[in-house]
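Everything on this sheet refers to the single structure shown next.
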Amino acid sequence: MTPLYLDCNATTPVDPLVVDTMMPWFHDQFGNPHSVNHTFGTDAAAAVEEARRSIARLVGADAREIIFTSGATESNNLAIKGAARFERRMRGRRNRVVTVASEHKCVLESVKALAAEGFATDVLPVGTDGMVDTERLRRALGDDVILVSVMAANNEIGTLQPLAEIGAMTRACGALFHCDAAQAAGRIPLDVDAANIDLMSLSGHKVYGPKGIGVLYVRRRPRARIEPLFSGGGQERTLRSGTVPAPLAIGFGKAADLAAAHDQEKEAGRLNTFAHALVEGLPGISLNGPPIGKRLPGNLNLAIEGVDAGDLISRVPELAFSTGSACTSAVVEPSYVLRAIGLTPEQAASSVRLGIGRFTTSDDIDFAIDRLAQAINRCRREA
Ligand SMILES: *Cc1c(COP(=O)(O)O)cnc(C)c1O
């Protein structure tokens with residue numbers, strides 16, 4: 001029996017309509033979208049440009065501001081390292097990068113890599129709900145700051161950061177605002193202009209699209225200047241050399257169209273109802289991160305008193321969920337995000353993440369509550 005999938009913050013299933021849209025671009029229409037001498041190439045190029053427009057529309061951007069990458073990890077690296085290195089090479093007046101402790105590993109590691117290159121870096125703490133303290137951020141800003149990187153929605157605890165406020169203060173100090181919106185895209189409204197976002201990372205596989213494709217939004221007015229990571233043929237406005245994987249880009253475009261066509265508010269309401277049912281149906285648990293309704297729809301992170309998360313997960317093979325972020329689950333350390341919001345190592349070790357989404361049904365939720373409640377009780381009895 002296939003387990004019930006409850007890990008939508010790690011990845012989402014590819015929507016069948018996305019699969020259908022992608023298929024022809026693997027076999028009949030397999031052209032290189034950068035080949036301009038025949039219709040194999042030009043047809044693929046036209047479809048990639050349509051996908052670019054679809055993704056741009058989802059976040060209020062212009063298609064010319066969308067750069068295809070291999071995913072949000074690459075986009076985050078490109079934005080953060082690219083902005084800092086461009087500033088050093090071309091201007092050199094500013095030397096500091098600011099982020100927060102609950103960011104995705106690829107953001108924190110990019111910032112760490114810049115520290116090793118001699119840039120000054122600030123990693124600001126977050127509150128018990130995972131929110132950045134905007135007063136503290138304001139004090140950290142100055143005319144030496146190149147870039148501020150704050151995510152839209154946290155992948156472990158669903159915290160939604162106040163992007164408009166952060167964007168306004170970042171713009172006022174003359175720094176660039178980078179936002180990792182991999183979790184937020186398609187789930188909550190995003191508008192690059194409303195939040196003064198200069199650089200924004202998205203990932204295909206978090207919005208029911210394929211893995212291995214992402215984009216970086218790069219603002220044109222006022223222009224966000226970044227240096228590429230890769231040397232090569234100069235594709236993607238010289239910012240990302242390499243052949244754009246047309247089937248994946250086209251699939252991501254379709255996924256963006258589907259997300260835009262969805263009634264986001266209604267879907268959020270449906271997921272919030274499910275989340276309430278889970279929280280109320282499980283014995284002796286507490287919610288890590290913001291309350292339902294104020295967090296990313298579909299994300300739950302639960303501290304389960306007296307239970308080891310790994311023990312619980314192994315007792316319910318019929319459910320697929322996780323201890324935290326997929327990216328660090330090889331390491332047996334408690335989640336640094338849960339530690340950053342003040343959980344003890346013990347509390348973090350008894351916390352699990354549940355991610356529900358587009359294909360989760362009310363029967364699924366009943367099944368999950370039943371199996372989880374039994375397993376929690378067994379864990380406690382046998383601990
Ligand atoms: C999944 C995720 C990433 C990494 O995206 P990939 O496309 O898998 O590289 C980065 N940031 C956040 C917030 C994520 O959820």
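For this chain, numbers begin at 1 and follow the sequence in order. Since the structure is predicted, the reported quantities are computational estimates derived from the model, not experimental observations. Every number for a ligand or one of its atoms is a count from 1 in the order of the listing.
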- R295 vs D129, salt bridge (charged side-chain N to carboxylate O under 4.0 Å, His left out): CA-CA, chis, key distance, verdict: CA-CA 9 Å; R295 65 196 285 139; D129 52 3; over 6 Å; no
- Message: Does any N or O of ligand 1 fall below 3.5 Å from an N or O anywhere on N9, backbone included?
- Response: no
- Query: Would one find an N or O of S70, backbone or side chain, under 3.5 Å from an N or O of ligand 1?
  - Reply: no
- Task: Could you list the residues that satisfy salt bridge (charged side-chain N to carboxylate O under 4.0 Å, His left out) with R91, not counting sequence neighbours?
- Result: E87
- Task: Check salt bridge (charged side-chain N to carboxylate O under 4.0 Å, His left out) between D364 and all other residues, then give those that pass, not counting sequence neighbours.
- Result: none
Quick one: which ligand 1 atoms are inside 4.0 Å of a heavy atom on [X]?
X    : result
A72  : 3 (C), 4 (C), 5 (O), 6 (P), 7 (O), 9 (O), 10 (C)
N155 : 13 (C), 15 (O)
D180 : 10 (C), 11 (N), 12 (C), 13 (C)

- Query: Within less than 4.0 angstrom of ligand 1, does H205 place any heavy atom?
  - Reply: yes
- Message: Less than 3.5 Å apart, any donor N or O on the side chain of N76 or S110 sitting next to an acceptor on the other?
- Response: no
- Task: Check the hydrophobic clustering (I, L, V, M, F, W, Y; side-chain heavy atoms under 4.5 Å; chains of links allowed) and say if F177 and Y217 are grouped together.
- Result: yes
- Pairwise distance CD1(I80) to CD1(I146) - rounded to 0.5 angstrom: 11.5 Å
- Task: Have a look at M151, K206, E103, E74 and point out the one with the heavy atom closest to atom 15 (O) of ligand 1.
- Result: K206
